[in-house]
Amino acid sequence: MRSTKILHITIASANLFFLLLFISASFSNRLSIDDFHFLHNIRQNNIFNATHIEYQKWSTRYSSVLLNHSVQLLQTKWKYTLFCFNIMGLLVFIVALQMLLKNILMLLHCKHWSFLARFNTALFAVSALFLTTIKIDETWFWLCASCTYLWSIVFLALGAAWITHFNLSKKMGAIGAISLIYVGGACEPLAVVTIVVLSALLVFEFFRQKPANMLLRQRLATAIALCLCAFILLYIGPGNKVREQFFLKTSLYHSFILNFQMTDIVIEQFFKNKIPLIIAFSAPMMYAGACNKSNKTDDYWVLKILLIFTLCYCAIFLHQWTMTYKTQNVGAFRALFALSAYTIVACSLIFYLIGKNFEIHRPALFFATFCCVLIASGFLAQRYFNEKKALQNYASAYDSRMNFLLQHKNDSSALVVEALPPSSMLYSAEIRTDSTHFSNLHLRMGLQLKCSSLIRKQ
């Protein structure tokens with residue numbers, strides 16, 4: 001019991017550095033590039049009309065675009081909106097994971113975890129996902145991208161918490177329905193993986209020999225229907241047809257074969273260096289498994305580990321396949337965000353099974369787990385102290401640029417701006433030296449500048 005308390009205190013120290021890092025980055029975060037395009041949209045139309053226009057002409061991700069437009073509207077009225085939106089996303093994510101963890105612990109008959117312990121663990125899981133993201137700036141702090149990729153994962157966690165909830169609750173039912181609709185209408189790759197996984201779970205539930213869980217079956221079927229309908233509405237949108245014109249068409253068979261190469265590229269070139277961090281953050285689950293050890297060892301635990309490895313690869317393969325089919329290439333870094341989630345879940349389950357079934361002396365296991373948490377804590381502390389000054393410099397330079405542009409909003413001559421410093425873990429709003437580049441045009445339209453051109457000093 002004492003060792004568990006020490007472990008939670010160490011995890012809490014890691015969480016503290018993560019919160020300092022995340023709050024510091026959120027406070028320095030600003031609108032960037034495509035955000036100004038959406039800002040221009042809501043200044044010309046209300047948020048619903050602007051979302052409909054996007055659906056017709058370019059982006060059919062209606063749920064994420066609607067959220068984006070809503071934040072943009074508030075941003076025009078209160079300058080701290082983006083900061084509060086980032087913090088709210090973090091809090092909702094933690095609460096969703098805490099609820100999901102509570103349901104899983106009840107399923108495993110682990111009732112000794114307090115709310116504080118679950119909250120601490122959920123926050124640690126979010127920090128793991130944050131640090132193992134391939135491109136943190138694009139995924140977590142670029143508004144238009146975070147509404148699509150980050151918030152889809154957040155809503156998926158809420159949906160999973162509803163599906164695994166043991167009691168009937170209208171409030172949880174509404175949260176679950178909204179969550180699955182959001183996922184289906186925001187992120188195509190995640191929606192496809194979600195539909196396939198939920199369908200597999202429903203089939204498994206029908207064929208397992210234990211007494212039927214009718215409530216679980218109903219929720220799985222409802223979740224599949226909601227996510228599928230929302231995804232179909234996204235897929236058939238006119239804007240999707242417009243975007244398809246920029247890519248070569250291919251067959252499902254050819255994209256399937258090509259996707260083996262694309263998946264290997266993703267794992268080898270972009271994701272391999274994240275594996276040590278994922279192991280460090282997932283290793284504490286080995287101690288959790290040891291604490292829940294039963295007298296009888298699972299005879300098939302090694303096979304279960306191999307199955308988890310296989311399912312994790314299949315999830316990554318299917319996620320990338322949706323992009324290979326459309327682009328014949330690797331997806332954008334932000335579109336690969338869910339890969340971190342798949343891998344962290346898989347590694348956590350593997351370490352849990354190892355701790356639950358493998359004979360390891362408790363002191364040695366505690367020491368190994370403690371060291372992994374210390375490594376994670378040290379890495380988070382290093383990132384915070386290394387990044388905070390750069391974040392402040394970027395925010396200060398950005399605000400100076402915006403003040404200059406707004407002061408000369410009505411000037412008809414060309415405006416020349418200084419280059420921005422490195423944006424650290426934020427997505428940079430830097431424009432190009434080419435005044436005709438879309439980033440320059442988006443900024444001019446979003447701020448309603450009347451200048452003939454916008455030029456950045458080299």
Check your understanding: Does S26 have any side chain to side chain contact (heavy atoms under 4.5 Å, CB included) partners at least two apart in sequence or in another chain, and if so, which?
Key -> F22, F83, N86, I87, F141
Study note, to complete from the structure: Here the gap from C144 atom SG to L39 atom CG, rounded to the nearest 0.5 Å, amounts to 12.0 Å
Review point. Does the ring center of F155 lie less than 6.0 Å from the ring center of W151?
Key: yes
Show the atom names and distances, to 0.1 Å, of all donor-acceptor pairs under 3.5 Å that link a side chain in residues 156-166 to residues at least two apart or in another chain.
unit_1, atom_1, unit_2, atom_2, d
T164, OG1, N103, ND2, 3.0
T164, OG1, A160, O, 2.8
T164, OG1, A161, O, 3.4

Review point. Stepwise, does the side-chain contact (heavy atoms from CB on, under 4.5 Å) test hold for L20 with L380?
Key: CA-CA 9 Å; L20 289 171; L380 284 162; over 6 Å; no
Study note, to complete from the structure: side chain to side chain donor-acceptor pair (under 3.5 Å) pairs touching residues 174-195, sequence neighbours excluded, are R61-E188
Review point. Any side-chain heavy atom of L216 sitting closer than 4.5 Å to one from L201?
Key: no
Exercise for review: Report the residues that fulfil salt bridge (Lys or Arg N to Asp or Glu O under 4.0 Å) with E54, sequence neighbours left out, ordered by chain and then residue number.
Suggested key: none
Review point. Checking side-chain contact (heavy atoms from CB on, under 4.5 Å) for the pair T121/I11: CA distance, chi angles, key distance, verdict?
Key: CA-CA 8 Å; T121 303; I11 291 175; 5.5 Å; no
Revision key, fill the gap. Here the pair of heavy atoms bringing Y394 nearest to A429 is OH-N, 2.9 Å
Practice item. Flag the pair N41 / H69 as yes when at least one side-chain heavy-atom distance between them is below 4.5 Å, and no otherwise. Key: yes
Check your understanding: Would you find a donor on one side and an acceptor on the other, under 3.5 Å apart, between the side chain of N357 and the backbone of L353?
Key -> yes
Would you list the atom pairs, donor with acceptor, under 3.5 Å between side chains in residues 90-98 and any protein atom, with sequence neighbours excluded?
unit_1, atom_1, unit_2, atom_2, d
Q98, OE1, R118, NE, 2.7
Q98, OE1, R118, NH2, 2.9

Check your understanding: Under 3.5 Å, side chain of T222 to main-chain N/O of Q218, donor-acceptor pair present?
Key -> yes
Practice item. Check S199 against I195 and note the closest heavy-atom contact, atom names and distance. Key: OG-O, 2.7 Å
Point to revise | Distance in Å, L21 CG paired with L131 CG, rounded so as to fall on 0.5 Å steps | key: 7.0 Å
Practice item. Could you tell me which residues satisfy salt bridge (Lys or Arg N to Asp or Glu O under 4.0 Å) with R383, sequence neighbours excluded, listed by chain and number? Key: E387
Point to revise | Over 12 non-hydrogen atoms of neighbours within 6.0 angstrom of CG in L116 | key: no
Exercise for review: Check whether any side-chain heavy atom of V183 lies under 4.5 Å from a side-chain heavy atom of L226, and answer yes or no.
Suggested key: no
**Study point:** Residues forming a salt bridge (Lys or Arg N to Asp or Glu O under 4.0 Å) with K135, sequence neighbours excluded
**Key:** D137
Point to revise | Spatial distance of atom OG (S424) from atom CD (Q392) [nearest 0.5 Å] | key: 10.5 Å
Exercise for review: Indicate yes or no: at least one non-hydrogen side-chain atom of W140 is less than 4.5 angstrom from one of S146.
Suggested key: no
Check your understanding: Do Y325 and L252 have side-chain heavy atoms sitting under 4.5 Å apart?
Key -> yes
Point to revise | With sequence neighbours excluded, residues passing salt bridge (Lys or Arg N to Asp or Glu O under 4.0 Å) with K326 | key: E244
Exercise for review: Report yes or no: does T60 contribute a side-chain atom to a donor-acceptor pair with the main-chain N or O of G237 at less than 3.5 Å?
Suggested key: no
Practice item. Sequence neighbours left out, what passes ring pair (Phe, Tyr, Trp, His ring centres under 6.0 Å) with H37? Give chain and number order. Key: H442
Check your understanding: Roughly how far, to the nearest 0.5 Å, is the SG atom of C187 from the CZ atom of F231?
Key -> 10.0 Å
Practice item. Determine whether V330 and L336 make a side-chain contact, defined as any pair of heavy atoms from C-beta on separated by less than 4.5 Å. Key: yes
Check your understanding: Between W78 and Y80, how do the two ring planes meet: parallel, tilted or perpendicular, split at 30° and 60°?
Key -> perpendicular
**Study point:** Considering all heavy atoms, the nearest T139-R334 contact
**Key:** OG1-CA, 3.6 Å
**Study point:** Heavy-atom closest contact (T51 atom, I47 atom, distance)
**Key:** OG1-O, 2.7 Å
Practice item. Say whether, by atom type as modelled, one donor and one acceptor occur between the side chain of N29 and the main chain of A25 under 3.5 angstrom. Key: no
Exercise for review: Would you confirm whether S282, through its side chain, and I279, through its main-chain N or O, come within 3.5 Å as a donor-acceptor pair?
Suggested key: no
Point to revise | Candidate pair V65 and C147, rule side-chain contact (heavy atoms from CB on, under 4.5 Å), full reasoning | key: CA-CA 7 Å; V65 171; C147 289; over 6 Å; no
Point to revise | Donor-acceptor contact present, side-chain S13 to main-chain T10, <3.5 Å | key: yes
Review point. So how far is it from I308 CD1 to S348 OG, rounded to the nearest 0.5 Å?
Key: 10.0 Å
Revision key, fill the gap. For A145 and E138 the tightest heavy-atom approach is CB-O, 3.1 Å
**Study point:** Cation-pi, W58 ring and R243 (6.0 angstrom, 45 degrees)
**Key:** yes
Check your understanding: Looking only at atom types and distance, does a side-chain atom of R217 sit under 3.5 Å from a main-chain N or O of E205, one as donor and one as acceptor?
Key -> yes
**Study point:** D35 side chain vs S32 backbone, donor-acceptor pair below 3.5 Å
**Key:** yes
Exercise for review: Under the side chain to side chain contact (heavy atoms under 4.5 Å, CB included) rule, collect the residues that match up with Q75, sequence neighbours excluded.
Suggested key: L31, T81, L82
Practice item. Could you tell me whether F317 and F260 have their ring centroids closer than 6.0 angstrom? Key: yes
Point to revise | H254 and S251: CA distance, side-chain angles, deciding distance, side-chain contact (heavy atoms from CB on, under 4.5 Å) verdict | key: CA-CA 5 Å; H254 179 263; S251 65; 3.3 Å; yes
Practice item. Return yes when atom OH of Y313 has more than 12 non-hydrogen atoms of other residues, nucleotides or ligands closer than 6.0 Å, and no otherwise. Key: yes
**Study point:** OG on S63 to CG on L66, rounded to 0.5 Å
**Key:** 8.0 Å
Please table the atom pairs, donor to acceptor, closer than 3.5 Å between any side-chain atom in residues 337-346 and protein atoms at least two apart or in another chain.
unit_1, atom_1, unit_2, atom_2, d
S340, OG, T132, O, 2.7
Y342, OH, H319, ND1, 3.0
T343, OG1, L339, O, 2.7

**Study point:** Main-chain N/O of S24 paired with S28 side-chain donor or acceptor, under 3.5 Å
**Key:** yes
Check your understanding: Heavy atoms, side chains only, cut-off 4.5 Å: are K356 and W301 in contact?
Key -> no
Check your understanding: Are the side chains of L426 and I136 in touch, meaning some heavy atoms are under 4.5 Å apart?
Key -> no
Practice item. Would you name the heavy atoms of A230 and I181 that are closest together and state the gap between them? Key: CB-O, 3.4 Å
Exercise for review: Please identify each residue that fulfils ring pair (Phe, Tyr, Trp, His ring centres under 6.0 Å) with F281, with sequence neighbours left out.
Suggested key: F124
